[in-house]
Amino acid sequence: MAAAAPRPRTEEELLGRARALAGARLGEVAASLRRPVPSDLRRAKGWVGELVELALGASAGSRPEPDFPELGIEVKTLPVDAQGAPKESTHVCAISMREAAGAHWETSVARAKLARVLWVPVEAAAAIALPMRHIGQAILWSPDTREEALLRRDWEEHMELIALGRSDQIRGEMGAVLQVRPKAASGGSRTPVSDGDGVRAAALPLGFYLRPRFTAAILGRVYAPLR
DNA sequence: TTGTGATCATCT
DNA sequence: AGATGATCACAA
């Protein structure tokens, strides 16, 4: 590939691209796409994710919908340590706090994105230089009944608090698998919210994140049948 | 400003 | 060590 990959038209095409990417190093992928490799990720936090999306043929857009809308598939890179365990939580989506009151899990952005996810593990141990880090074998995942129930419960509990205008009472400790944390440019960021009585107010923008334990369980499925 | 891609930095 | 709260870059 000399430029960005063509947009895959089928799930098989996308999976084929993901398979071709497995085992590659970030440096060589970047070179083939003619993209510079940053010296570190401190000022390029989304670089790995953007590189993988480009290689898979995703569009660069930033709309609140899955990366491949026609396939209903969201792509997420997963930074893993030397043991193959996720090092970080996974950002799911921003929360539209003004519309929390009338929101439903079934039609939520969070559910749409988590309905079908192509997880792409990427080495992230600090000891490995960025260009040398390997991309792992991707996993196409959908939540099973139990997982969806857990996600839904956490989502509904958080959204109820937000709808009541109590988003400032939300803590990262809440939520078994899906937590809510700030998602902003800085701690001074504010977004419109409605308080309990529909009065205009402003609060820190929040986003949904999957806990590392949850994504670790997803990666574990690959090895579980072998044990 | 909001949403995308996330990791950083600090505290327990 | 693990997790929470804070933060960085870019597009529309």
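Bear in mind the structure is a predicted one, so any value in this text is a computation, not a measurement. Reminder, nothing fancy here: chain letters follow the sequence lines and each chain counts from 1.
When every heavy atom of A:P69 is checked against every heavy atom of A:R7, the shortest pair comes out as CD-NH2, 3.5 Å.
Straight-line distance from the CG atom of A:L206 to the C1' atom of B:dA6: 17 Å, rounded to whole Å. Separating the CD atom of A:E88 from the P atom of B:dA9 is a distance of 11 Å, rounded to the nearest angstrom. A:R171 places its CZ atom 14 Å from the P atom of B:dT12, with the value rounded to the nearest Å. Between A:R213 atom CZ and C:dA1 atom P there is a gap of 17 Å when expressed in whole angstrom units. Atoms CG (A:L178) and P (C:dT4) sit 12 Å apart, rounded to a whole Å. A straight line from NZ of A:K87 to C1' of C:dA3 spans 14 Å, rounded to a whole angstrom. Atom CZ in A:F208 sits roughly 15 Å away from atom P in C:dT4 (whole-Å rounding). Note: CD (A:Q169) to P (C:dT4) measures 18 Å, nearest angstrom.
A donor-acceptor pair is defined here as one N or O able to donate and one able to accept, closer than 3.5 Å; such a pair exists between the side chain of A:D67 and the backbone of A:V75. Side chain of A:K113 to backbone of A:C93: no donor-acceptor contact under 3.5 angstrom is found. Between the side chain of A:R166 and the backbone N or O of A:A163 there is no donor-acceptor pair closer than 3.5 Å.
If you check every strand for non-hydrogen atoms under 4.0 Å, A:A184 touches a base.
For A:R63 and A:E65, the salt-bridge test passes: some basic side-chain N is under 4.0 Å from an acidic carboxylate O. Look at A:R19 and A:E12 and you find a salt bridge, because one of the NZ, NE, NH1 or NH2 atoms lies within 4.0 Å of a carboxylate O, short of that distance.
For the pair A:Q179 and C:dA3, the criterion of a side-chain N or O lying under 4.0 Å from OP1 or OP2 is not met. Within the 4.0 Å cut-off from OP1 or OP2 of C:dA3, not a single side-chain nitrogen or oxygen of A:R181 is found. The side chain of A:T77 places an N or O atom within less than 4.0 Å of a non-bridging phosphate oxygen (OP1 or OP2) of B:dA6.
Side-chain proximity of A:L204 to the nucleotides C:dA3, C:dA6, B:dT7 is greatest for C:dA6.
A:L118 has its side chain out of reach of A:E74: every pair of non-hydrogen atoms, C-beta onward, lies at least 4.5 Å apart.
None of A:E147, A:R111, A:E106 except one satisfies the side-chain contact (heavy atoms from CB on, under 4.5 Å) rule with A:R152; the exception is A:E106.
Donor-acceptor pairing under 3.5 Å, judged by distance alone, is present between the side chain of A:Y209 and the base of B:dA6.
Within residues 42-50 of chain A, the residues approaching DNA chain C are A:R42, A:R43, A:K45, by heavy-atom distance under 4.0 Å.
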Just the table, please: protein N/O against nucleotides 1-3 of chain B N/O, every pair under 3.5 Å.
{"from": "B:dT2", "atom 1": "OP1", "to": "A:T191", "atom 2": "OG1", "distance (Å)": "3.2"}

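For the atom pair CD1 of A:I162 and CD1 of A:I170, the computed distance is 4.0 Å after rounding to the nearest 0.5 Å.
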